[in-house]
Amino acid sequence: MTDKLSAVHPATFAAQAGGVIDAETGAIVPPLHLATTYLRDPDNAYSKGFVYGRPDNLTVRQAEAVLTRLEGGAATLLTGSGMTAATTAFLALERPAHIVAPEVMYWGLKLWLSEDAKAHGLDVSFVDASSVDTIAAAIQPGRTKMIWLETPSNPLWSVTDIAAVATLAKQHGVILAVDSTVATPVLCQPLQLGADVVMHAATKYLNGHSDVVAGSLTFARNDAYFERCVRQRKMLGGILGPFEAMLLMRGMRTLHVRVAHQSTAAMAVAKHFAADPRIADVLYPGLPTHPGHAIAARQMQGGFSGMLSVRVKAGEAAAIRTAAHVKIWKRATSLGGVESLIEHRASIEGAGSPCPTDLLRLSVGLEHVGDLIADLEQALGSNA
Ligand SMILES: *Cc1c(COP(=O)(O)O)cnc(C)c1O
């Protein structure tokens, strides 16, 4: 990228899209590179470093550089979805491989680990990841190749002490990977706490506008494991498309202001409804009553994310009715976008989910927080 930005805060680097200035035109917005193939030099070499669009692309590389800087890593691989990023990280493990993963984690990925991973020679133990001792007890010396964490984790926003698990992982020579989709690099940088890989569903906060499906893996080192992930992405064709990479870059330029606002607004929503007699519980790591609050306060800076859940005291039917009556919040899955979303999570997770049936998951967007609170108030009132 550019040497001028080598010493600046990651927020500055992201706001300026890594400082890319087009050499030919001086354009201050990075041009979109769509080519799938590149000219060979007369001496038969590829001196510019680009050969074909499946392994690599400059627009993708530029967005990767921004994310690498945001996470303080050595390299990033962007993929066509968060699921592709995560499965690339698992498929790159040396076999036989045992993986320790959280009981409470992103539902789609838990489904893959429970039902699909075995056919790939991957054996998984699900544990209570809020306890470092429980994680330690699940490690099978020599067989366990990876500990997978998600913190705060869907949809209870349980928190894991990343630094403590990193110490454990190092003792056992196990790769520590963290799904940091909800925290974003604005609030937490797992690599700085000792993790080896950080994964994002870039579909969510990194892009932030509910219009791109994308994923990422950022690595602490350019090591053999990183090379195995590069190979997986190349062989399976999991690279992000250049159009999506361009949109993702645009999204990341405003990441810091969006996440700061969303965290402040989510805290206001959490505090407001914590005092509401119609709400049995507000699950938000920013509240001192949340079991993960002390750890979250230590490992997250500047806020506790825009995600929270509320449990409706009158039960499942009342929760679904509340979601039915909102006018501003959108009844939809996903998270991290500009528009606030509300979801009866148990309905989408189905049988076997640890999600309570009276739970509504809230993704706080960028609308005025007074409007969001008033809308939830009137929707809860519809239960009376
Ligand atoms: C959405 C999500 C994923 C999966 O990402 P996709 O882009 O939908 O494949 C993984 N982890 C978390 C925490 C998510 O929210």
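Counting starts at 1 for both ligands and their atoms, in listed order. The first residue of the sequence shown is numbered 1, and numbering continues consecutively from there.
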Which residue supplies the protein heavy atom nearest to [atom], what is that atom called, and how far is it?
atom                    : value
atom 5 (O) of ligand 1  : Ala201 CB, 3.2 Å
atom 8 (O) of ligand 1  : Tyr106 OH, 4.0 Å
atom 9 (O) of ligand 1  : Met83 N, 2.8 Å
atom 6 (P) of ligand 1  : Gly82 N, 3.3 Å
atom 14 (C) of ligand 1 : Lys204 NZ, 2.9 Å

Taking non-hydrogen atoms only, is [X] closer than 4.0 angstrom to ligand 1 via side chain, backbone, both or neither?
X      : value
Thr84  : neither
Met105 : neither
Ala214 : backbone

Testing the 3.5 Å rule here: is there a donor-acceptor pair between the side chains of [X] and [Y]?
X      : Y      : result
Glu367 : Ser340 : yes
Thr76  : Thr68  : yes
His98  : Ser125 : yes
His272 : Glu377 : yes

- His290/Phe304 under ring-ring contact (aromatic ring centres under 6.0 Å, His included): CA gap, chis, key distance, verdict: CA-CA 11 Å; His290 189 280; Phe304 297 89; 9.3 Å; no
Can [X] be said to touch ligand 1, with heavy atoms closer than 4.0 Å?
X      : value
Ala85  : no
Asp179 : yes
Asn154 : yes

- Assign the ring pair His256 / His9 to parallel, tilted or perpendicular, where the plane angle (0 to 90°) is split at 30° and 60°. perpendicular
- When every non-hydrogen atom of Glu244 is compared with those of Leu240, the smallest separation belongs to CB-CD1, 3.6 Å
- Non-hydrogen atoms of Trp157 and Leu308 that approach each other most closely: NE1-C, 3.4 Å
- Note on the structure: Of Thr203, Val182, Thr79, the residue with the heavy atom nearest atom 7 (O) of ligand 1 is Thr203
- Message: With a 4.0 Å cut-off on N to O distance, would you call Asp358 and Arg311 a salt bridge?
- Response: yes
- Considering only heavy atoms of Leu335, which atoms of ligand 1 have at least one such atom less than 4.0 Å away? 15 (O)
- Within 4.0 Å of some non-hydrogen atom of Glu150, the atoms of ligand 1 are 13 (C)
